[in-house]
**Student:** 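What follows is a structure written as structure tokens; I'll ask about it next.
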Amino acid sequence: MSDKNKLPLAPAQDLVIPFQVEPLDVRGRAVQLGPMLNTILDRHNYPQPVARLLAEAITLTVLLGTTLKFDGKFILQTQTDGPVSMIVTDFRAPDSIRAYARYDKQAIEKAMQAEATDAPSLLGNGILAMTLDQGKHTQRYQGIVQLDGIGLEEVARLYFAQSEQIPTEIRLAVGEILIRQEGMEPLHAWTAGGVMLQFFPDNEDRMRQKDLHGGDGDPDKTEPQIDDAWLEARSLMKTIADVELTDVNLEPERLLYRLFHDHGVRAFEAIPVLDNCACSHEKVENMLAGLSVEEREQSIEKDSSGQPKILVTCEFCNQDYQFDPDIWN
């Protein structure tokens with residue numbers, strides 16, 4: 001997509017807004033993504049359903065990754081049997097993200113014809129892994145959630161319930177902006193937004209949901225007992241419409257005020273989010289140096305003049321790196 005066909009930058013896009021609502025004992029993050037998101041998606045010319053799903057995964061990763069309080073990485077990865085067989089989103093603290101998706105073109109076309117392009121249909125069955133990597137000399141932490149007919153919002157809720165045991169609510173939405181111009185190509189852009197809310201009362205016992213049995217002779221369980229403050233916060237989150245998350249004219253701060261003005265919401269300094277791949281010529285060369293001689297020989301091809309070369313393309317940013325195979329001889 002050429003620059004002349006891109007929509008103008010909205011001032012509140014590509015920023016994460018941390019916030020806190022003290023009367024409800026909740027804190028969280030709100031984000032709206034625009035130009036950065038379009039840069040990532042435009043590199044690969046994804047089919048519309050794939051772009052939408054990857055945009056949702058990027059939004060979720062940004063919400064989770066910006067909570068890191070150390071110089072490390074948060075990685076979200078799916079491996080499934082669906083038309084989109086793999087998604088990888090990689091956030092490097094404090095502000096850099098990269099992402100890509102693998103998909104079956106024919107399966108995507110069939111899904112579009114059948115109008116089965118929701119997230120559960122595109123992902124199919126498999127797993128989603130969320131990994132925290134704090135760098136060298138530390139152990140990775142990984143949480144795995146089964147993907148079986150659920151979307152990314154529900155995956156995030158399950159992850160926090162199972163792995164972190166923190167009451168968490170997530171809302172995600174992706175939208176398209178299309179402005180038609182007479183005699184010109186239409187302007188097109190993606191926009192995505194999300195809000196993550198977590199319950200952190202001073203008394204940790206309030207975080208625990210207690211199953212209550214019925215009276216004598218009633219073996220059935222009632223609904224779990226939920227703290228009133230968290231119940232209200234969750235109810236407010238459910239009022240968020242998709243268009244509120246994706247409207248470029250509605251800054252995240254204004255959305256937070258709509259939600260929590262009765263209680264008072266405190267927004268903190270915005271965190272910018274950058275499209276910033278971690279690949280480099282040196283890193284790719286070191287990767288190739290770690291291969292066996294046989295593996296490197298299998299990677300050799302010839303350029304237009306007939307000279308041998310090894311060409312490596314970064315799956316994230318599409319950057320090409322070319323090497324002379326003789327440097328390892």
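Quick caveat, the model's predicted, so the values are computed rather than measured.
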**Student:** Show, in sequence, the C-alpha distance, side-chain angles and deciding distance for Q77 and Q79, and conclude whether the side-chain contact (heavy atoms from CB on, under 4.5 Å) test is met.
**Tutor:** CA-CA 7 Å; Q77 180 172 340; Q79 291 184 333; 3.4 Å; yes
**Student:** If only atom types and distance count, is the side chain of D14 paired as donor or acceptor with the main-chain N or O of M36 below 3.5 Å?
**Tutor:** yes
**Student:** Is the backbone of A93 close enough, under 3.5 Å, to the side chain of K73 for a donor and an acceptor to pair up by distance?
**Tutor:**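 No: the side chain of K73 does not pair with the backbone of A93.
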**Student:** Whether the side chain of T78 engages the backbone of I87 through a donor-acceptor N/O pair (distance < 3.5 Å, no angle test) should be reported.
**Tutor:** yes
**Student:** Start with the C-alpha distance between I271 and V31, add both sets of side-chain angles, then the distance that settles side-chain contact (heavy atoms from CB on, under 4.5 Å), and finish with yes or no.
**Tutor:** CA-CA 9 Å; I271 303 168; V31 64; over 6 Å; no
**Student:** For S292, is there any backbone N or O sitting under 3.5 Å from a side-chain donor or acceptor partner on E295?
**Tutor:** yes
**Student:** Would you say K110 has more than 12 foreign heavy atoms packed within less than 6.0 Å of its NZ?
**Tutor:**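 At most 12 heavy atoms, drawn from other residues, nucleotides or ligands, come within 6.0 Å of this atom.
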**Student:** Hydrophobic clustering (ILVMFWY, side-chain heavy atoms < 4.5 Å, transitive) - are M112 and V50 grouped together?
**Tutor:** yes
**Student:** First locate atom CD of Q20, then atom CZ of R266, and finally report the distance between them rounded to the nearest 0.5 Å.
**Tutor:**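 So the gap between those two atoms works out to 6.5 Å.
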**Student:** Are the side chain of H44 and the backbone N or O of R102 linked by a donor-acceptor pair below 3.5 Å?
**Tutor:**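 Here the side-chain-to-backbone pair does not exist.
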**Student:** What do you reckon, is CD of E301 surrounded by more than 12 foreign heavy atoms closer than 6.0 Å?
**Tutor:** yes
**Student:** Does the side chain of W230 come within less than 4.5 Å of E169's, by heavy atoms?
**Tutor:** yes
**Student:** Under 3.5 Å, is there a donor-acceptor pair between the side chain of T67 and the main chain of L63?
**Tutor:** no
**Student:** How close do T117 and L122 get, heavy atom to heavy atom, and via which atoms?
**Tutor:**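 Minimum heavy-atom separation between T117 and L122: O-CD1, 3.4 Å.
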**Student:** Tell me whether F74 shares a hydrophobic cluster with Y141, the cluster being built from Ile, Leu, Val, Met, Phe, Trp, Tyr side chains joined at under 4.5 Å.
**Tutor:**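 Hydrophobic grouping puts F74 with Y141.
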**Student:** Y159, I127: one ILVMFWY side-chain cluster at the under-4.5 Å cut-off?
**Tutor:**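 As far as the 4.5 Å side-chain criterion goes, I127 and Y159 are not connected within one cluster.
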**Student:** Give, for atom CE of M237 and atom OG1 of T168, the distance between the pair rounded to the nearest 0.5 Å.
**Tutor:** 9.5 Å
**Student:** Tell me whether V293 is reachable from I327 by hopping between hydrophobic residues (I, L, V, M, F, W, Y) whose side-chain heavy atoms are closer than 4.5 Å.
**Tutor:** no
**Student:** L231, F260: one ILVMFWY side-chain cluster at the under-4.5 Å cut-off?
**Tutor:**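 Same cluster: L231 reaches F260 through Ile, Leu, Val, Met, Phe, Trp or Tyr contacts under 4.5 Å.
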**Student:** With a 3.5 Å cut-off and no angle check, do the side chains of T66 and R29 form a donor-acceptor pair?
**Tutor:**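 There is such a pair (donor and acceptor under 3.5 Å, judged by atom type) between the side chains of T66 and R29.
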**Student:** In this structure, is the centre-to-centre distance between the rings of F316 and Y100 below 6.0 Å?
**Tutor:**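 Distance test on ring centres: under 6.0 Å, yes.
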**Student:** Any cation-pi pair here, R27 with F19, using under 6.0 Å and within 45°?
**Tutor:**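 Pair R27/F19 does not count as cation-pi.
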**Student:** Looking at R43 and N318, would you say the former's side chain and the latter's main chain have a donor-acceptor pair under 3.5 Å?
**Tutor:**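 No.
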**Student:** As an exercise, state the distance from CG of L33 to OG1 of T246, rounded to the nearest 0.5 Å.
**Tutor:** 11.5 Å
**Student:** Is a side-chain N or O of H261 found less than 3.5 angstrom from the main chain of R258, in a donor-acceptor match?
**Tutor:**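 Yes; at least one donor-acceptor contact below 3.5 Å.
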**Student:** Between the side chains of T59 and E56, is a donor N or O closer than 3.5 angstrom to an acceptor N or O?
**Tutor:**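 Short answer, no.
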**Student:** Using only heavy-atom distances, determine whether the side chains of D320 and T313 contain a donor-acceptor pair under 3.5 Å.
**Tutor:**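 Per modelled atom types, D320 and T313 side chains form a pair under 3.5 Å.
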**Student:** Yes or no on side-chain contact (heavy atoms from CB on, under 4.5 Å) for M130 and I75, after CA distance, side-chain angles and deciding distance?
**Tutor:** CA-CA 6 Å; M130 297 186 186; I75 304 165; over 6 Å; no
**Student:** Are any non-hydrogen side-chain atoms of S85 and Y103 less than 4.5 angstrom apart?
**Tutor:**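 A side-chain contact is absent here, since even the closest heavy-atom pair is not under 4.5 Å.
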**Student:** Would D90 and R92 count as a side-chain contact (heavy atoms from CB on, under 4.5 Å) here? Give the steps.
**Tutor:** CA-CA 7 Å; D90 181 332; R92 286 180 293 118; 3.9 Å; yes
**Student:** Counting only heavy atoms not in D81, do more than 12 fall under 6.0 Å of its CG?
**Tutor:** yes
**Student:** Do any N or O atoms from the side chain of R296 and from the backbone of L291 form a donor-acceptor pair under 3.5 angstrom?
**Tutor:** yes
**Student:** State whether the side chain of R171 and the backbone N or O of T239 hold a donor-acceptor pair below 3.5 Å, judged by distance alone.
**Tutor:** no
**Student:** If only side-chain N and O atoms count, and only distance matters, is there a donor-acceptor pair under 3.5 Å linking H263 with E232?
**Tutor:** yes
**Student:** Would you tell me whether Q48 and E176 have side-chain atoms, one donor and one acceptor, within less than 3.5 Å of each other?
**Tutor:** yes
